[in-house]
Amino acid sequence: MENTGITVMEHLLIHQKENPLATGNFTRLLSELIFSAKIISREVKKAGLVDILGLTGKINVQGEEVRKLDDYANRILIYRMQHCGVICAMASEENADIIEVPDHLPKGEYILIFDPLDGSSNIDVNVNIGTIFSIRKKKSDRKYVTLEDFLQKGTEQIAAGYFLYGPSTMLVYTTGNGVDGFTLDPSVGEFLLSHPNIRIPETGKVYSVNESNTSYWDDNVKETVNYFKSPENERGKPYTSRYIGSLVADFHRNLIYGGIFMYPADKKDPAKPRGKLRLLCEAAPLAFVVEQAGGAATDGKDRILDLKPTLLHERVPLFIGSKKDVEKATEIMSKGC
Ligand code: P6P
């Protein structure tokens, strides 16, 4: 087993040395992302104390207006990443348009796409939430980035991963050579390698879907979900239902234990015919992680990583997790297509 307990920075430097072309810019980017996540983790851990300790009325001790945590997380990430010197632009789930690095700041070739605090509605009830990120490179040789630089297939990702703010704070990420997990030791403020070379079980015992949407599903979706609930499935008994309603938490549990997470298209909201989850800042980064861990991710028909986005906030159905479970779901979903 790889020497667990090393810090994420040691881990990054080891892998940087292994890559002759490495300039240190990627290490710089991830290091800044990690620092931002430590700040977000600190604030998330205080969420329940906001009213009790008077940490905020409207103005906090620093004299700043205190904001909702997802807005706070978004502002931290935008500010710090704009100043890290190795990216040229960002896109956030919270911002309608691309966020460019201003000309007066140093820029680089990387593009960062993120969901600053996924599942933030769960903060008030102390349920796990997360930050999802995707790192790409600017493709065009134009001086300024364009939307086209962002609308790349998931296979173009340089790295992807997430921070999970739960009983402990974790970082799980891939650069295309497997998946490693790190746990924050708050006593020293370091992420330590705790889950080297994560592999998702080929099939699991868990299915995750919001079944309150059943009446809005097409028949093939109902048939797919019923497969996992049926004692007639290949496993010979029903899968257990687990649904936290926080994508990063549901995904992480299934990554470690095995299983499938599904957010199918539904007819609930005509404005979201392809479902609720976003391709660029949710589905594609998690698809990169799960494939690197031996799993799979499709939209019910096609591989998520092969999808070329046409919109910055394009939504996509998501079937993600253990390879055999996703293959079975995709087989049933594709019937009659
Ligand atoms: P629903 C949280 O709002 C989120 O974006 C994901 O984290 C989560 O998986 C999903 O929405 C839950 O959506 O419709 O089941 O409440």
Side-chain angles (χ1 to χ4, degrees), residues 37 40-41 44 47 68-74 77 91-96 113-134 160-166 169-170 172 204 206-218 221-222 224-225 228-229 241-257 259-287 289-290 295 297-300 304 309 311-321 325-326 329:
I40 294 167
S41 175
V44 164
K68 281 175 54 187
L69 265 175
D70 48 8
D71 183 14
Y72 179 85
N74 196 41
L77 282 161
S92 167
E93 192 254 4
E94 297 283 332
N95 294 60
I113 301 173
F114 58 87
D115 184 349
L117 213 52
D118 177 75
S120 53
S121 57
N122 289 307
I123 292 173
D124 298 339
V125 289
N126 207 16
V127 167
N128 291 17
I129 49 182
T131 298
I132 308 171
F133 61 89
S134 170
Y162 55 87
F163 294 93
L164 178 59
Y165 311 107
T169 293
M170 278 196 75
V172 174
V206 170
Y207 78 99
S208 308
V209 70
N210 184 342
E211 297 201 54
S212 73
N213 296 329
T214 301
S215 53
Y216 300 106
W217 289 338
D218 287 340
V221 176
K222 291 176 186 170
T224 301
V225 173
F228 292 101
K229 297 167 75 171
S241 171
R242 287 286 182 275
Y243 193 73
I244 299 170
S246 188
L247 172 59
V248 178
D250 279 315
F251 174 84
H252 183 74
R253 180 205 49 246
N254 293 354
L255 180 71
I256 303 300
Y257 286 159
I260 182 169
F261 173 93
M262 298 175 271
Y263 207 107
D266 60 48
K267 298 183 175 68
K268 193 158 74 168
D269 180 348
K272 301 173 186 171
R274 290 267 288 161
K276 175 178 185 181
L277 301 181
R278 289 178 169 82
L279 175 55
L280 279 170
C281 67
E282 292 172 313
L286 296 183
V289 171
V290 84
T298 72
D299 64 359
I304 290 289
L311 297 170
L312 193 61
H313 293 285
E314 182 164 324
R315 298 176 193 270
V316 68
L318 183 60
F319 297 79
I320 189 168
D325 295 338
V326 172

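Remember, it's 1-based here, ligands and their atoms both numbered in the order they're listed.
Nearest non-hydrogen protein atom to atom 5 (O) of ligand 1 is Asp118 OD1, 3.5 Å. Among all protein heavy atoms, the one lying closest to atom 15 (O) of ligand 1 is Tyr243 OH, 2.5 Å. Residue, atom and distance of the protein heavy atom nearest to atom 14 (O) of ligand 1 are Tyr263 OH, 2.6 Å.
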Using distance only, find each side-chain donor-acceptor pair of residues 269-278 under 3.5 Å and give its atom names and separation, not counting sequence neighbours.
from: Asp269; atom 1: OD1; to: Ala271; atom 2: N; distance (Å): 2.7
from: Arg274; atom 1: NH2; to: Asp299; atom 2: OD2; distance (Å): 3.3
from: Arg278; atom 1: NH1; to: Glu93; atom 2: OE2; distance (Å): 2.9

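For Asn213, no nitrogen or oxygen atom sits less than 3.5 Å from a nitrogen or oxygen atom of ligand 1, counting backbone and side chain alike. Any N or O atom pair closer than 3.5 Å counts here, and Lys268 shares no such pair with ligand 1.
Rounded to the nearest 0.5 Å, atoms CG (Asp250) and CD1 (Ile320) are 11.5 Å apart. Here CG of Leu286 is found 5.0 Å from CG of Leu247. Values are rounded to the nearest 0.5 Å.
For Asn128, the side chain to side chain contact (heavy atoms under 4.5 Å, CB included) partners are Leu164, Pro167, Ala249, not counting sequence neighbours.
The aromatic rings of Phe261 and Tyr243 sit parallel to each other, their planes meeting at less than 30°, with 60° as the upper class boundary. The aromatic rings of Phe228 and Tyr207 sit parallel to each other, their planes meeting at less than 30°, with 60° as the upper class boundary.
Between atom 9 (O) of ligand 1 and the options Asp250, Asn122, Leu247, the minimum heavy-atom separation is to Leu247. The heavy atom nearest to atom 11 (O) of ligand 1, considering only Lys272, Lys276, Glu282, is found in Lys276.
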